[in-house]
Structure formats: structure tokens, C-alpha cells
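Please read the structure below before turning to the comments.
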There are 2 protein chains.
Amino acid sequence: MQIGELASKCGVRIDTVRYYEKQKLLVPSGRTEGGYRIYSTVALRELRFILRAKSLGFTLKEIQELLTLKIDRENQPCSSVKELAEAKLKDIEEKLAELGRMHQALTGITDACCGGEEPATACSILDALDKEDS
Amino acid sequence: MQIGELASKCGVRIDTVRYYEKQKLLVPSGRTEGGYRIYSTVALRELRFILRAKSLGFTLKEIQELLTLKIDRENQPCSSVKELAEAKLKDIEEKLAELGRMHQALTGITDACCGGEEPATACSILDALDKEDS
DNA sequence: CCTATCCCTGGAGTTAAGTCCAGGGTCAAG
DNA sequence: CTTGACCCTGGACTTAACTCCAGGGATAGG
């Protein structure tokens with residue numbers, strides 16, 4: 001299949017597929033005489049692999065590492081794969097913690113605000129952001 | 001005070017202060033004859049306001065809006081401020097949900113992996129990413 | 001053959017929030 | 001008067017992951 005079909009099967013743009021190729025994530029199975037990229041169903045699986053990893057939060061650079069391990073599965077220990085996954089889990093947990101902290105703080109000061117049509121002269125949100133302490 | 005003192009009091013770089021000025025978030029109280037920016041304690045409070053808002057997840061653009069409201073507090077309703085805060089809370093909640101989804105999915109497939117030194121030929125993480133379905 | 005639709009390459013632009021640099025001016029102390 | 005610390009401007013660079021563009025070639029259908 002050509003690049004357009006591959007892209008639409010995976011719901012991404014053609015440019016994205018070419019971008020992944022530039023990043024060495026996805027190589028076409030071949031080229032037509034005219035220079036068109038052609039992809040096999042193997043390439044389709046590979047692109048789906050990439051997209052699934054992306055949806056789990058892996059960056060393209062990390063996906064490259066995953067692919068490197070996958071290509072050489074027989075000679076790579078499971079532990080290498082699991083390490084990548086656990087590092088990513090840690091990343092996610094850190095982001096969750098940071099967002100949770102923000103959420104709690106912002107909820108606290110937002111709930112205290114009347115939100116009415118009266119002037120914001122003593123708005124508790126603005127005051128909280130402007131406070132002397134902390 | 002000069003820009004260096006202001007920056008170090010707030011734990012940011014000098015360039016950051018100048019960047020905020022370019023973004024119209026923070027104007028120096030004046031200039032010396034030689035062209036040095038000078039800042040009053042009012043500017044110090046303003047910078048702290050900006051940084052506090054940032055720590056709650058507001059972008060600089062949104063902080064600009066907050067400052068616009070703050071400067072004209074008397075004529076702005078509390079509801080305008082609260083709307084910004086609630087929109088940001090919604091943002092944060094969406095990110096939390098997305099990260100939570102990622103965390104759960106990744107935890108699921110990671111827990112299933114042995115993580116041992118045996119070859120990753122049948123590694124459940126790689127298999128999960130490579131699966132036919134979904 | 002003509003046309004529409006697909007595809008090619010190389011390179012530039014996007015976003016956010018800085019960060020860094022060159023080349024130069026200012027200021028206070030000794 | 002010299003030195004060192006500070007500051008100025010304008011502009012380029014960074015990261016991630018695309019996205020878009022110009023200018024052109026390939027291919028299929030009628």
C-alpha cells in the first residue's frame with residue numbers, strides 16, 4: 001500500500017508517517033519505480049505499535065529504544081523492556097502528583113470565591129495569588 | 001532595586017524577568033539615567049503573583065488576563081476571575097484523567113511482565129504494544 | 001493525451017517559555 | 001583611572017512532534 005492508505009488506516013497524516021521515517025522509527029518496505037514509498041502489513045503493524053506506545057505516554061525517542069529491543073527480542077532481556085516501562089510509569093506518576101497538587105491548591109482558592117457579579121475588589125482568588133506570605 | 005536583585009529574590013533568571021516584560025506581564029517602575037531597569041516592591045509583588053499563578057498551572061497568556069482583571073478590579077466582576085480559574089481547573093482535570101488512563105493501561109501491561117533476565121522473545125509488554133486487536 | 005489525484009524532496013514554520021550570546025554601556029570601589 | 005560586577009539590546013537557539021509549503025514528478029482512468 002502507499003503512504004496515504006497507511007496513514008489513513010492509522011488515522012495519522014502523511015507527513016507524520018514521513019516524519020517517523022526521518023526519526024528512524026518506520027522504514028517503508030520498498031519503493032516503486034517512481035519513488036513512491038510502499039508499505040507491507042508489517043509496516044502497518046509497526047506504525048500501530050508506535051501509536052500505541054505514544055498513547056501510553058512514550059516519547060518518540062523512547063519508542064525508538066523500545067523498537068530497538070523489539071527487533072532484537074531474542075537477545076534482549078525482559079528486564080530491559082520492563083525498565084523502560086517502569087521509568088515511564090514513574091514519569092507519569094510525577095506528573096500526576098504535580099497536577100494533583102495544582103488541582104488541590106486551585107480548588108481551594110476557587111471554592112472560596114463568590115463568583116458573583118459584584119466587583120472583584122476583594123476577590124479571594126486574586127487575593128490568594130497576591131498574598132504577602134508563602 | 002535592579003533586575004538582578006529582583007530575579008534572585010524570586011528565584012528566577014534575569015532573562016526570565018526581561019522575557020515577562022516583553023510579554024507585557026511586568027513593567028519596571030522606572031529606569032536609571034544609564035538605562036538600568038529599576039523595580040519597586042510593587043513590582044516584586046507582581047512578579048510573585050505571576051510565579052504563583054504559574055505554579056497553579058496558568059500559562060503566561062492566561063496570567064496576562066488575570067493581571068488585566070486585577071488592575072481593574074473595581075470594575076471587574078468576581079465571576080470573570082472565577083471563570084478563568086474554573087477553566088484552568090477543567091484543563092487540569094482533563095490532563096489528570098488522561099494521565100490516569102495512561103497510568104492504568106501501562107501498569108496493567110507492566111505488571112504482567114516478568115522483568116527477568118530471560119530473553120524478551122515473549123515479553124508481555126512488547127506483545128501488548130504489538131497486539132492485533134484494538 | 002489529458003486530468004485528477006496521488007506522491008516526492010527539502011526546508012521552513014509552529015508552540016511555550018525561556019535561555020544564551022555578542023558586543024557593548026554603567027557604576028561603585030579602591 | 002582601572003577593574004569587576006552589573007546591566008543593556010537584538011536576535012538566535014532550544015525541545016517535541018509535528019505541519020505546511022513550493023515546486024515538481026507519477027499514476028490511473030477515460
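Naming convention: chains lettered A, B, ... in sequence-line order (proteins, then strands); numbering from 1 in each chain.
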Can you tell me the distance, in whole Å, between the CD atom of A:E21 and the C1' atom of D:dC18?
15 Å
Rounded to whole angstrom units, what separation is found between the CD1 atom of A:I3 and the C1' atom of C:dT9?
12 Å
For A:Y39, run the side-chain contact (heavy atoms from CB on, under 4.5 Å) check against A:M1, A:K9, A:Q2 and tell me which one passes.
A:M1
Please tell me which of the listed nucleotides, C:dA17, D:dT9, D:dC7, lies nearest to the side chain of B:I14?
D:dC7
For D:dA17, does either OP1 or OP2 sit under 4.0 Å from a side-chain N or O belonging to A:Y20?
no
Under 4.0 Å: is that the gap between some side-chain N or O of A:Q2 and OP1 or OP2 of C:dC7?
yes
So, OP1 or OP2 of C:dA17: does either fall under 4.0 Å of a side-chain N or O from B:T16?
no
Separation of D:dA16 atom C1' from A:I50 atom CD1, nearest Å, is 16 Å
Rounded to whole angstrom units, what separation is found between the CG atom of A:L26 and the C1' atom of D:dC18?
15 Å
D:dT27 phosphate, OP1 or OP2: any side-chain N/O from A:T32 under 4.0 angstrom?
yes
Of B:K61 and B:Y36, the one whose closest nucleotide on DNA chain C sits nearer the 5' end is B:K61
Pick one: which of B:D127, B:D130, B:L129 meets side-chain contact (heavy atoms from CB on, under 4.5 Å) with A:K70?
B:D130
Which whole-number value in Å describes the distance from B:M1 CE to D:dC7 C1'?
16 Å
Quickly work out the B:I38 CD1 to C:dT26 P distance and round it to whole Å.
16 Å
Rounded interatomic separation in angstrom, taking CD from A:E62 and C1' from D:dT15:
14 Å
Group every Ile, Leu, Val, Met, Phe, Trp and Tyr by side-chain heavy-atom contacts under 4.5 Å, then state whether B:L6 and B:I38 land in the same group.
no
To the nearest 0.5 angstrom, please state how far the OG1 atom of A:T16 sits from the CD1 atom of A:I50.
11.0 Å
Given DNA chain D, 5'-ward residue of the pair A:D15 and A:Y19, judged by closest heavy atom
A:Y19
Just how far, in rounded Å, is P of D:dA16 from NZ of A:K22?
15 Å
So, does A:R18 get its side chain near the phosphate of C:dT9, meaning an N or O under 4.0 Å from OP1 or OP2?
no
What's the closest nucleotide to the side chain of A:R31 if the choices are D:dC8, C:dC8, D:dA17?
C:dC8
Looking at the side chain of B:R13, which of C:dC20, C:dC8, D:dC6 is the nearest nucleotide?
C:dC20
Can you check salt bridge (Lys or Arg N to Asp or Glu O under 4.0 Å) on A:K61 and A:E65, steps first, answer last?
CA-CA 7 Å; A:K61 198 156 171 289; A:E65 295 180 62; 5.3 Å; no
Relative to the 5' end of DNA chain C, which residue comes earlier, B:T59 or B:G35, by the nucleotide with the nearest heavy atom?
B:T59
Would you mind classifying the nucleic acid contact of B:K54 as base, sugar-phosphate or nothing, using non-hydrogen atoms under 4.0 angstrom?
sugar-phosphate
